[in-house]
Amino acid sequence: MAVIGIDLGTTNSLAAYWKDQAVQLIENEKGEVLLPSVVGAVSGEGFLVGREAKERLLTHPEATAASFKCFMGTAREYELDGRVYTPMELSAMVLERIRKNAEYVLKEEIEEAIITVPAYFNDKQRSDTKKAAQIAGLKADRLINEPSAAALAYQMKYGAEEKTLLVFDFGGGTLDLSYVECFDNVIEILAVAGDNHLGGDDIDRAIGAYFCRENGLQEESLSLEDQAQLRKLSEQAKCALESQETVPMELQVEGRSCRAVLEEEILFEICMPIFGKIRNLFLHILEDAGSRVSQIDDLIMVGGSSRLPVVKRFLTELLGKEPVVLGDTDKVVALGAGAYAGIRQRREEIRDMLLTDVCPFTLGIGVLNRSNREKDILSPMIERNSTLPASHRSRFVTTSDFQKEIMVRIYQGEEYYVDNNVFLGQVSIEVAQKPAGQAWIEVQFTYDINGILHVAAENEMGERRQVLLANQTLSEAELRQYTKEMEKVMVPPVQQPENQELLARFLHEYENSVGGRREQIGAMVGWILSKLESGRRKEVRNGVETAKRWLEQLEIQRNMQEELLFDGELKEGSWEEEPFWGEETFWEEEPEKIVGEKNGGDEE
């Protein structure tokens, strides 16, 4: 049975697979690879999916749904032919069509599908995507972020040279940015940012609003048929500007002929509000990655909307460099998903590639707000853009006298008040009944690359309660398996035995040194700890490799010192004259820690 990669897009969807040491896109019976993500109901005859459904957007807009991916994970509903459908159910129809087409082309059943999602999809949106796959008869344990798939496609094309990339994935309804480092067959995502409601559809709406202004029309007062015609006209004009300098627009509205002319300068001007949002996202991701524009080697353009000359022009002016276009921008994400399908199948020529990811949103627990007890606040446990898998442990104490238990409520999001974030679940544990602040629990969050969150709470008596939160339905056997695997993830790099041994050797050198040499070794220990605690694979790797080199030098110096002592020729301070660590930066002080109020108590 085959494994395929699927780009479930807002505008178009497509699939790919790994064969003959390369990714191949799956065509339908007409030789097309793009399937419009549109579903239409035909009264008494069932549903149309794809191009036929898209054509009915003009003639039967009330019975046709498009761009529903933008509302995945929400309460939005679509009424088609007298029945209500959710975005998840409509997506399932698209996925089912892709599955059937893939099985026809490959002449075998599809064992598994790797489905791409926007990097900024939250847990509910990812959960609904997996449920849609299940409805469509697909096993989809692994979702990968669309920009991550694009980075994998870039790496497959350009090789394993060390590079820093910024992936700009601008589709029909979503915009995703990913800051990526490529090295040693590793693609490491360091930060993501995005907007699930910003894409090419917004440019179409801006063009439609411009057309209405030019003709004195109120778009909201137009009939559904005229609105559908206006959307099509706007999309056609936008696409025509890719190859034309001037595009005439004409539409019959309520018996009158309306006209306007669209030029690149006009489009650039009416898109400025959109470009302002894009600029803010660039600032956001660079700040989260701790980077600058000058440190980016290539800007990778992905998604159909990134083809627009005005978008390329804006990004070139913003970043001061030409973006890299990997062929047809509509297909890049699917090519990356197909490559990952090859990795999942352990294909010899690609199995050693490693794709890491980050936590797109902060994970935390609700804690007591002393200034307003009606509105709990979020206490972060795993910060956004933490490299996965990630694990963090904190202690919390009670705030009420003789409290019997602490309820740990788990949230995902960036908002200060928990009510504005996504509630994921909860776990409760009894505590010793003592005066406020004297009873405590320790809470550990562990989050893996499949989007499964393990939360464990342990009280001072050694009793333990835990919950496994997954954006998919798991059997009891799978739950036990994942719980066992989480135990391995709970050991971060700094606590791994080989790294603990490395640190112990440095501490031994520190104990046996004095003066300037001791200060230097102390600074080294602090620098190494910062690398190990970063959680980033490249940082950890570089930290370990550098530490090993330093240890060799320290041991050489100590041997020289001992020889000189026995020969009676040691000069005071001779081992401090030429530092051997190069230009590494050491932090002499730890970042200030803020102690805040916690749910049921304070954090220690």
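When a residue number appears, it is its place in the shown sequence, counting from 1.
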Side-chain contact, heavy-atom cut-off 4.5 Å: [X] with [Y]?
| X | Y | answer |
| --- | --- | --- |
| I406 | V443 | no |
| L468 | I452 | yes |
| V422 | Y411 | no |
| V544 | L532 | yes |
| E415 | L378 | no |
| E430 | K404 | no |
| P360 | F121 | no |
| L554 | F506 | yes |

To the nearest 0.5 Å, tell me how far [X] [atom1] sits from [Y] [atom2].
| X | Y | atom1 | atom2 | result |
| --- | --- | --- | --- | --- |
| L190 | E181 | CG | CD | 4.5 Å |
| D128 | K69 | CG | NZ | 13.5 Å |
| F183 | T164 | CZ | OG1 | 10.0 Å |
| L152 | T116 | CG | OG1 | 12.0 Å |
| I4 | L138 | CD1 | CG | 6.0 Å |
| I365 | S394 | CD1 | OG | 8.0 Å |

Between [X] and [Y], is there a donor-acceptor pair closer than 3.5 Å when you use the side chain of the first and the backbone of the second?
| X | Y | result |
| --- | --- | --- |
| E509 | I521 | no |
| N185 | L354 | no |
| N421 | E414 | yes |
| D169 | L175 | no |
| K375 | N369 | no |
| E287 | H284 | no |
| E552 | R549 | no |
| R518 | Y510 | yes |
| R99 | A136 | yes |
| T362 | R384 | yes |

**OP:** Evaluate the criterion side-chain contact (heavy atoms from CB on, under 4.5 Å) for residue pair Y179 and I296; output intermediate values, then yes/no.
**Re:** CA-CA 9 Å; Y179 190 96; I296 299 170; 4.1 Å; yes
Original post:
Within a radius of less than 6.0 Å around CD of E501, do more than 12 heavy atoms belonging to other residues, nucleotides or ligands occur?
Top reply: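 No, not enclosed.
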Original post:
For atom CZ of R279, is the number of surrounding heavy atoms from other residues, nucleotides or ligands below 6.0 Å larger than 12?
Top reply: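 At most 12 heavy atoms, drawn from other residues, nucleotides or ligands, come within 6.0 Å of this atom.
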Subject >> ring-ring contact (aromatic ring centres under 6.0 Å, His included) contacts touching residues 130-151 (sequence neighbours left out) >> reply: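 Applying ring-ring contact (aromatic ring centres under 6.0 Å, His included) to every pair that reaches into residues 130-151, excluding sequence neighbours, yields nothing.
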**OP:** Apply salt bridge (charged side-chain N to carboxylate O under 4.0 Å, His left out) to E460 and K434, showing your working.
**Re:** CA-CA 12 Å; E460 57 189 298; K434 298 180 180 180; 2.9 Å; yes
**OP:** Could you check whether the rings of W550 and W527 sit parallel, tilted or perpendicular, using 30° and 60° as the cut-offs?
**Re:** tilted
**OP:** Go through the steps for V167 and D176 under the test side-chain contact (heavy atoms from CB on, under 4.5 Å), then give the verdict.
**Re:** CA-CA 8 Å; V167 180; D176 275 339; over 6 Å; no
**OP:** Salt-bridge test for R541 and E188: reply yes if a basic N is under 4.0 Å from a carboxylate O, no otherwise.
**Re:** no
**OP:** Give a yes or no on whether a salt bridge exists between E458 and R464, defined as a side-chain N under 4.0 angstrom from a carboxylate O.
**Re:** yes
**OP:** Assess the side chains of D357 and N145: does a donor N or O sit below 3.5 Å from an acceptor N or O?
**Re:** yes
To check you understand the geometry: which heavy-atom pair defines the closest contact between [X] and [Y], and what is its length?
| X | Y | result |
| --- | --- | --- |
| L165 | C182 | CD1-SG, 3.7 Å |
| R465 | S428 | CG-O, 3.4 Å |
| E162 | D297 | O-OD2, 4.5 Å |

**OP:** Would you please indicate yes or no on a ring centroid separation below 6.0 angstrom for F168 and F170?
**Re:** yes
Original post:
What residues form a side chain to side chain contact (heavy atoms under 4.5 Å, CB included) with D195, not counting sequence neighbours?
Top reply: H197, L198, L281
Original post:
Would T129 and M72 count as a side-chain contact (heavy atoms from CB on, under 4.5 Å) if you check the C-alpha gap in whole Å, the side-chain angles of each, and the deciding distance to 0.1 Å?
Top reply: CA-CA 8 Å; T129 302; M72 188 76 85; 4.0 Å; yes
**OP:** Let me know which of R344, R142, K139 forms a side chain to side chain donor-acceptor pair (under 3.5 Å) with E112.
**Re:**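 Of the listed options, the one satisfying the test is R344.
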Original post:
Do T174 and E146 pass the side-chain contact (heavy atoms from CB on, under 4.5 Å) test, and can you show the C-alpha distance, the side-chain angles, and the key distance before you say yes or no?
Top reply: CA-CA 10 Å; T174 60; E146 291 164 2; 4.3 Å; yes
